[in-house]
Amino acid sequence: MSIRGKGGSALGVAVVTGASSGIGKVYADRLAKRGYDLILVARRRERLEALARELKQRYGVQADPLVADLGKDADLKRVADVLSTDERITVLVNNAGTSAAKPSLDVPIATVNNLMEVNARSVTELSLAVLPGFVKRDSGTLINIGSVLSFFALPFTTSYSATKAHVMLFTIGLRDELVNTKVRVQLVLPATTDTEIWDVAGIGIHNLDPATVMSADDCVDAALKGLDKGETVTLPSVEDPSLWDNFDAARIKMFQASQTGKTASRYNIGN
């Protein structure tokens, strides 16, 4: 399957998943404003088609809706096929996600499976679908949306955090694999953001401290500014960038320290 628009932007086509609301909708707007044509992916047809019409009218770009539920095998394959065959594509924003905020034993296994399918598997498959073309052309931008819960789990976010941890390490690994190419890879780690995912999680944004909530507009604007600055990891709400640097350095140091065939001295007999 290939979606072919009229004409064509010099910047190419940006694909945004989860584009019908929240962070994805703002990415669609900002990328259209920059002059990209768009392929908009989401489950809700009416919202998606309305957004496509709005962006065409506002920015004069081509915007094609692609209705898909990334938790379903057939839909995920349809989107992956577009990414692997449409050479106009220059940007992929893997934003689609779902959530559940309950202690693990209270979350149905079907919900856990859906979290893994949408949050982790779709990001993996869509990234690996688009990257061969990017590498062949030695250009392209992959943006994967993780979360600060990629490296932290609250007592009611265990499965969600685990899926976002996959996004974090997968994206960092891809970045390192592609370091000698001109393909850009960015991991975005938002904190609490005003999107519908809080309703999906069963919490509701109105139950959160307003001082901790960032607007989706501010989150995306910060992430794109980070991309423009050459950041490969962007935490829109973290003032001190050395916090990530220290975390990353500790992660690497821990791995390096593990590379020995001897047990640590504290496990020796007599200790």
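Model, not experiment: these values are computed from the prediction. Sequential numbering from 1 along the given sequence is applied to the chain's residues.
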Check your understanding: With a 4.5 Å limit on heavy-atom distance, are the side chains of Val15 and Leu66 in contact?
Key -> no
- Is Tyr36 linked to Ile39 within one hydrophobic cluster, defined over Ile, Leu, Val, Met, Phe, Trp and Tyr using a side-chain heavy-atom separation of less than 4.5 Å? no
In one Ile/Leu/Val/Met/Phe/Trp/Tyr side-chain cluster, 4.5 Å: Leu227, Val93: yes
Shortest non-hydrogen pair, Ser21 vs Arg47, comes out as CB-NH1, 3.6 Å
Going by atom types only, do Asp217 and Ser215 share a side-chain donor-acceptor pair under 3.5 Å? no
Q. Heavy atoms, side chains only, cut-off 4.5 Å: are Leu178 and Leu142 in contact?
A. no
Closest non-hydrogen contact found for Gly226 with Gln186 is C-NE2, 4.0 Å
Please determine whether side chain to side chain contact (heavy atoms under 4.5 Å, CB included) holds for the pair Leu149 and Tyr160, giving the CA-CA distance in whole Å, both sets of side-chain angles, and the decisive distance to 0.1 Å. CA-CA 8 Å; Leu149 292 176; Tyr160 176 82; 3.9 Å; yes
| Can Asp218 and Lys225 be counted as an ion pair, charged N to O under 4.0 angstrom? | no
Check your understanding: Does any non-hydrogen side-chain atom of Phe255 lie less than 4.5 Å from one of Arg251?
Key -> no
| task | Could you tell me whether a side-chain N or O of Asp86 sits under 3.5 Å from a main-chain N or O of Val82, the two making a donor and an acceptor? | result | no
In terms of heavy-atom contacts, Thr193 and Val213 come closest through C-CG1, 4.2 Å
Shortest non-hydrogen pair, Tyr27 vs Val188, comes out as OH-CG2, 3.8 Å
Just wondering, do Ile109 and Asn113 contact through their side chains at under 4.5 Å, heavy atoms?
yes
Just so I know, are the side chains of Thr124 and His166 near enough to count as touching, which here means a heavy-atom distance under 4.5 Å? yes
Problem - Note, Pro190 side chain near Ile23 side chain (heavy atom, < 4.5 Å) - result: yes
Please say yes or no: joined through hydrophobic side-chain contacts below 4.5 Å, possibly via intermediate residues, are Val148 and Val167 part of one cluster? yes
Check your understanding: Is Val41 reachable from Ile143 through a run of hydrophobic residues whose side-chain heavy atoms are each under 4.5 Å from the next?
Key -> no
Fill in: Side-chain ion pair, Asp29 and Arg58, N-O less than 4.0 Å
yes
Task: Contact check, side chains of Leu40 and Leu55, non-hydrogen atoms, under 4.5 Å - done: yes
### Task
Give the intermediate values and the outcome of salt bridge (Lys or Arg N to Asp or Glu O under 4.0 Å) for residues Asp73 and Lys77.
CA-CA 6 Å; Asp73 287 351; Lys77 184 179 184 303; over 6 Å; no
Shortest non-hydrogen pair, Ala96 vs Thr17, comes out as N-OG1, 2.9 Å
| Hey, is CD on Gln259 packed in by over 12 heavy atoms from elsewhere, all under 6.0 Å? | yes
Query raised in the report: Under the side chain to side chain contact (heavy atoms under 4.5 Å, CB included) criterion, do Leu76 and Glu125 qualify, and how do the steps go?
Result: CA-CA 8 Å; Leu76 178 59; Glu125 292 202 16; 3.5 Å; yes
_Please evaluate residues Arg78 and Asp75 with respect to the criterion salt bridge (Lys or Arg N to Asp or Glu O under 4.0 Å), reporting the C-alpha separation (whole Å), side-chain torsions for both, the decisive distance (0.1 Å), and the verdict._
CA-CA 5 Å; Arg78 282 195 299 114; Asp75 286 10; 3.4 Å; yes
- [ ] Indicate yes or no for a side-chain donor-acceptor contact from Thr181 to the backbone of Val135 under 3.5 Å, with no hydrogens or angles considered.
- [x] no
*asked:* Heavy-atom count check: over 12 atoms from other residues, nucleotides or ligands less than 6.0 Å from Arg43 CZ?
replied: no
Here the pair of heavy atoms bringing Ala19 nearest to Val16 is CB-O, 3.5 Å
